[in-house]
Visitor: 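Below: one structure in structure tokens.
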There are 6 protein chains.
Amino acid sequence: MTLGKAPAAPPRSTLVVTAHAGDFVWRAGGAIALAAARGEKVTIACLTFGERGESAKAWREGRELHEIKAMRQDEAERAAAVLGAEVRFFDAGDYPLVATAELTDRLVAVYRATQPDVVLTHPVDDPYNCDHPAANRMALEARVLAQAIGYPGEGDIIGAPPVFYFEPHQPEMSGFRPEVLLDITEVWETKRAAMECLGAQQHLWSYYTDLAVRRGVQLRRNAGPNLGLAHTTLAEAFMRPFPQITKELA
Amino acid sequence: MTLGKAPAAPPRSTLVVTAHAGDFVWRAGGAIALAAARGEKVTIACLTFGERGESAKAWREGRELHEIKAMRQDEAERAAAVLGAEVRFFDAGDYPLVATAELTDRLVAVYRATQPDVVLTHPVDDPYNCDHPAANRMALEARVLAQAIGYPGEGDIIGAPPVFYFEPHQPEMSGFRPEVLLDITEVWETKRAAMECLGAQQHLWSYYTDLAVRRGVQLRRNAGPNLGLAHTTLAEAFMRPFPQITKELA
Amino acid sequence: MTLGKAPAAPPRSTLVVTAHAGDFVWRAGGAIALAAARGEKVTIACLTFGERGESAKAWREGRELHEIKAMRQDEAERAAAVLGAEVRFFDAGDYPLVATAELTDRLVAVYRATQPDVVLTHPVDDPYNCDHPAANRMALEARVLAQAIGYPGEGDIIGAPPVFYFEPHQPEMSGFRPEVLLDITEVWETKRAAMECLGAQQHLWSYYTDLAVRRGVQLRRNAGPNLGLAHTTLAEAFMRPFPQITKELA
Amino acid sequence: MTLGKAPAAPPRSTLVVTAHAGDFVWRAGGAIALAAARGEKVTIACLTFGERGESAKAWREGRELHEIKAMRQDEAERAAAVLGAEVRFFDAGDYPLVATAELTDRLVAVYRATQPDVVLTHPVDDPYNCDHPAANRMALEARVLAQAIGYPGEGDIIGAPPVFYFEPHQPEMSGFRPEVLLDITEVWETKRAAMECLGAQQHLWSYYTDLAVRRGVQLRRNAGPNLGLAHTTLAEAFMRPFPQITKELA
Amino acid sequence: MTLGKAPAAPPRSTLVVTAHAGDFVWRAGGAIALAAARGEKVTIACLTFGERGESAKAWREGRELHEIKAMRQDEAERAAAVLGAEVRFFDAGDYPLVATAELTDRLVAVYRATQPDVVLTHPVDDPYNCDHPAANRMALEARVLAQAIGYPGEGDIIGAPPVFYFEPHQPEMSGFRPEVLLDITEVWETKRAAMECLGAQQHLWSYYTDLAVRRGVQLRRNAGPNLGLAHTTLAEAFMRPFPQITKELA
Amino acid sequence: MTLGKAPAAPPRSTLVVTAHAGDFVWRAGGAIALAAARGEKVTIACLTFGERGESAKAWREGRELHEIKAMRQDEAERAAAVLGAEVRFFDAGDYPLVATAELTDRLVAVYRATQPDVVLTHPVDDPYNCDHPAANRMALEARVLAQAIGYPGEGDIIGAPPVFYFEPHQPEMSGFRPEVLLDITEVWETKRAAMECLGAQQHLWSYYTDLAVRRGVQLRRNAGPNLGLAHTTLAEAFMRPFPQITKELA
């Protein structure tokens, strides 16, 4: 939807709120790369490094906590750079990530500073990882608080940017239904390169490549044969918790 | 989404499948008028005249069945003309509208003849009107059959056009959740004029005007204060049973 | 709710639409007896005798179809008499009970003849007995058709009487949630006597007695200790598919 | 339901637990006025003044926090007086309203002091306002704790009063389904007068008037044409999370 | 569960009810091969050849209906032989497969003839293929009818065999949740060989191989690291609409 | 499922996480007794004594808190001994049981110490008792944390043991659906004896005996007439939040 902004408008802004260092790559790397390729600003609020819950390989190798955090930070920063995004680390501690008013307040500040046109985060449920729902709750609550002129803090209040939930690892068990299929074919190489920055989770490279293929098949199945889509279409799936606002049904 | 069609492409086509003569006006008049205003083709497959179930005033005045059908046909044709659409009557008999393979087959023919880019119809449930779910089932089944090269009949097979469910009379009781809010402000006068063609249901004119206002408030609430929308925004709400296909999250 | 009727108003009328001969006893015997005890009219539209699906004992004893139907009819008539209701048999054939427009039309006639203030029927789902959902669909559709002045047939149109779904045999597997708990303590002996008319299903006498006790415990648990309810409260559970209309929250 | 109380019983008591100062007016003003008109006691436990989240106009005018709280308190007290209710402010701080054991304990004390026959509060979900679900959780938890003789504190334990959820601002997005429609026609002028006490949210006066009209139309549609209801019926909608206890189906 | 059958008991029997010729291979080939490998009897009731809806390649090549049916029958028979199962064709006509009492009755006869210990069929919903829900409805209804001594026909009545729904093509859009993950690693080569019999749908070979890998990953994730499962575990997913009966929680 | 463990494997281990002292008896006594009878180890993590919320009789008799806790502990220990299980008390305080990171961490230690093959706990929702959902959340979160090599603490990490939710007091109101029916006939006398250790809740003895009968009827109804089950089958019902892993459909 383009609702005629004034010429000098700043570039569109996307805010990604994730629990762990790897999530933005596996689950939204294509969306991020597409936005960056259009010249838009993408900011990733990464609540933890995933140091305890998604760094099993490093722990088995005998690394210490500070080493693991540094390693995950380095990986995430390189992946973000590949995608064209900026990543901010909150270092809130994972497994468990505990939702607090203080952490939510820091997110409000990021919302107001980045003035997002689009927000991406985890879906509501994930029985395999309690940190993901915690990130979801804080991301949604901070979005509402950041809209209120009465909520204290720096920066202008925000509007009501649309929210997209990215795909969890076990979608059917987490109540995930693909409501939006995003064609990421043209940035696929970028997403794959970003995935390959994440050496701590190498077993997921092919897993998420296969997922992109499967979502691509689904995209073509829902778009019909007439669109001339290539057999190599790749896609990411999202949910939309708030209504889409549009001037045209399509 | 515009996925670069060849220059000589025909205008976009919208197919609206409704149970009764009035449904397309109350529930989708704005969407139809917007499409027509963009120069697109809109075809309404009207399965019945609503002669038994939504013509109480005429029955109380002592009219006979053939008179009522003629009157509803006339009203609907005038309303369609105001909106810029073509209406085809199936005269399948309402209250109850009985889903049959023959009627579904006639819908397949319309799908193939009109090659819709967008389909609008009733949602799955409506405990207050059994004809609406019957129309939904046939509209969805015909859409699938029309895609199959093995299904006999005239015309080319179709793709997989997106489907939108329009709003029932009692949304919360019918499992309706606004997933798409369409800004119809610029065609509001047209929709109102079309509503006023429906003399048999005059009590609904203000009801559906109020609904457009309420959906407009909701649209602004979900779009945020930054979009510069007027306080007089008017809207229609839709559900999306199939995933949205897109190249950009917005 | 009593919305001050004129003094000469006819007695309140209850219509019970059931699939088989035994259903109205096990599932709504208390509600029927309570209404009858208040001097109200209760009519049971019994679509089949349950001759194939709920007469296993008689089949094992080698009875023939016509004998079984006669036996079930006799049992049901005696049970209805005990409860104070009139039963009408449609003899539509069970296992499977097939929903047809003709059968629905016969139900419309009963709606218009009895002008019900309250309707009782089966809930929407029952994975253990397909006849129950079929009865539900026809009962609901006939109720809507009977409201339409344009639907042909004898008798006056009806209003929109509240509908209650009675409890299926396996409530949790059938999506049943007790939304209304009816205190049937004072008519319990009558319900038990009606159950004992059903010799073909003797194994259910204690089963449905235990259920009444359990629903009674639940009633007391939801009513609180202050109401002075006896420890012997017995109850039936119902769902309410349409909103309750009231002048007082209680 | 009237289960014969002794003659000297105290008047019935209603407890309303709300997040912000305005909620009880918009969402339950009719229910409150009806109860008060019957001579019953109504107590509003107002957890916050809505000073941050629903006072945007005052913040834009440059008021300070203490001024806004005082203004909202004054408005709410005047509105409560119009409705015939007593309001108690908890001043727990809104946006966010944080659920705590201490706040819940204060609610337990109110439950035990007021011995409610009916409880009104927010529904479980509201994606547009996190304070509403927080109020719901505390209201429900305090109701359970107040029933336990082992939970410490002043006052007698309570029974299990029925709970009603009032309507949120965006019902379909909050999982709200009208399960009870309350006819508030006779107290409408009182509710409107109470709404007009809320100068901070003037834009909502007509919005909630239109809602009352729409719920009134729905009430008439679900009550049928035979009840002789006026075309000007006005209504409020509620959900019922616990089963209704009754001696008569109606 | 093994509930000690008498020594001379016949081999266990599995009945698979499918809409089209290919379904039993893609969706349940592993389950079938496992049962056959244990020496059990597997019967596939194949309601149609999938001649119209899943034979697009043949239609594009200009084949005629009778040729396509013969070709699909031949493919399916070869695939069934590879898996170790017997396939019975009902030739009921696909796209649309119309549920009828006559077809259901033929299924009852198969239930009684095969006396299944396990039943496999399509899940309740599939918005992409209306034949699948039609097959589900008939499979479930016939299972209930076949249990009734009063339902006429040859053969003994059946018990209440557990039912498993196999995975549809778009699981999340069809309400499919993996409730049972079946380890098919040891029969994978057999399933792959059966898939390769289906020349008409060659594009699905790799798709369903990838799915088996993904369900295998999910199986290992839900089984924990301690089970010593190979990294090459392959699996099929199923739903269970009826409760599992067991003597041990595991 | 038995996936060939090495001969010297320790006995299977079951971990039961409950909110109050009585829960493991009423809701899972049969499952516990069955496991113990097979020579397996069963550990009950009992978060509170139920001293405030489920000891009404003792409070009415004027006992003090420490007495009630001692009495409930004694009862629970005797009941556990009867069943053949070990019970560990966390004494976390009930009504309300407050979920904390510290308490969850203590549960992680129990998971790692007991290395459970099966986990039993409360279901997600219970509108009548907030402590039950709190126990559920901590039991599930601790299970995930205990799997992570990066989570600190004594003991080996655990696998992903299957979880079973036992039946709440009001199943339909708590979203409980029997997904697993466990035949407890052979240990029924043991369960009954354990129930009779709980003098504080004597009114529940017959209630949960009746429930076992009703679940037994349901088990037989879902197992079919062919299994030769006695008419006195007794059962417990469970939900399964994670997929069943199996090598055979049954």
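Throughout, protein chains are lettered first and strands after them, A, B, ... in sequence-line order, and every chain is numbered starting at 1. Below, all heavy atoms of this structure are taken into account, side chains as well, without hydrogens, waters or symmetry copies.
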Visitor: Would A/Thr14 and B/Leu249 satisfy side-chain contact (heavy atoms from CB on, under 4.5 Å), going step by step from the backbone distance to the final call?
Guide: CA-CA 10 Å; A/Thr14 293; B/Leu249 298 182; over 6 Å; no
Visitor: Of the listed residues (A/Glu248, A/Glu186, A/Gln147), which shares the most heavy-atom pairs with chain B below a 4.5 Å separation?
Guide: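 That would be A/Glu248.
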Visitor: What pair of heavy atoms forms the shortest contact from A/Pro162 to B/Ala250, and how long is it?
Guide: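 Smallest interatomic distance, heavy atoms only, reads CG-C, 4.1 Å.
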Visitor: For chain A, find its close neighbours in residues 167-182 of chain B: heavy-atom separation under 4.5 Å, sorted by number, or none.
Guide: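 Residues in range: B/Arg177, B/Pro178, B/Glu179, B/Val180, B/Leu181, B/Leu182.
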Visitor: May I have the step-by-step check of side-chain contact (heavy atoms from CB on, under 4.5 Å) for B/Arg240 and A/Arg240, ending in yes or no?
Guide: CA-CA 11 Å; B/Arg240 221 187 226 293; A/Arg240 223 187 224 293; 5.7 Å; no
Visitor: Between CG of B/Leu219 and NZ of A/Lys247, what distance do you get to the nearest 0.5 Å?
Guide: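 Answer for the CG-NZ pair, B/Leu219 versus A/Lys247, is 9.0 Å.
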Visitor: Which bit of A/Leu120 comes within less than 4.5 Å of chain B, counting heavy atoms only: side chain, backbone, both or neither?
Guide: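 A/Leu120 touches chain B through side-chain heavy atoms alone.
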Visitor: Considering non-hydrogen atoms only, spot the tightest contact between B/Asn222 and A/Pro243 and give its length.
Guide: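 Distance-wise, the nearest heavy atoms are OD1-CD, 3.4 Å.
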Visitor: Pick whichever of A/Gln244, A/Gln218, A/Arg38 has the most heavy-atom pairs under 4.5 Å with chain B.
Guide: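 Top option by heavy-atom pairs under 4.5 Å: A/Gln244.
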Visitor: Which atoms of A/Glu40 are under 4.5 Å from chain B, going by heavy atoms: the side chain, the backbone, both sets, or neither?
Guide: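 Looking at A/Glu40, just its side chain touches chain B.
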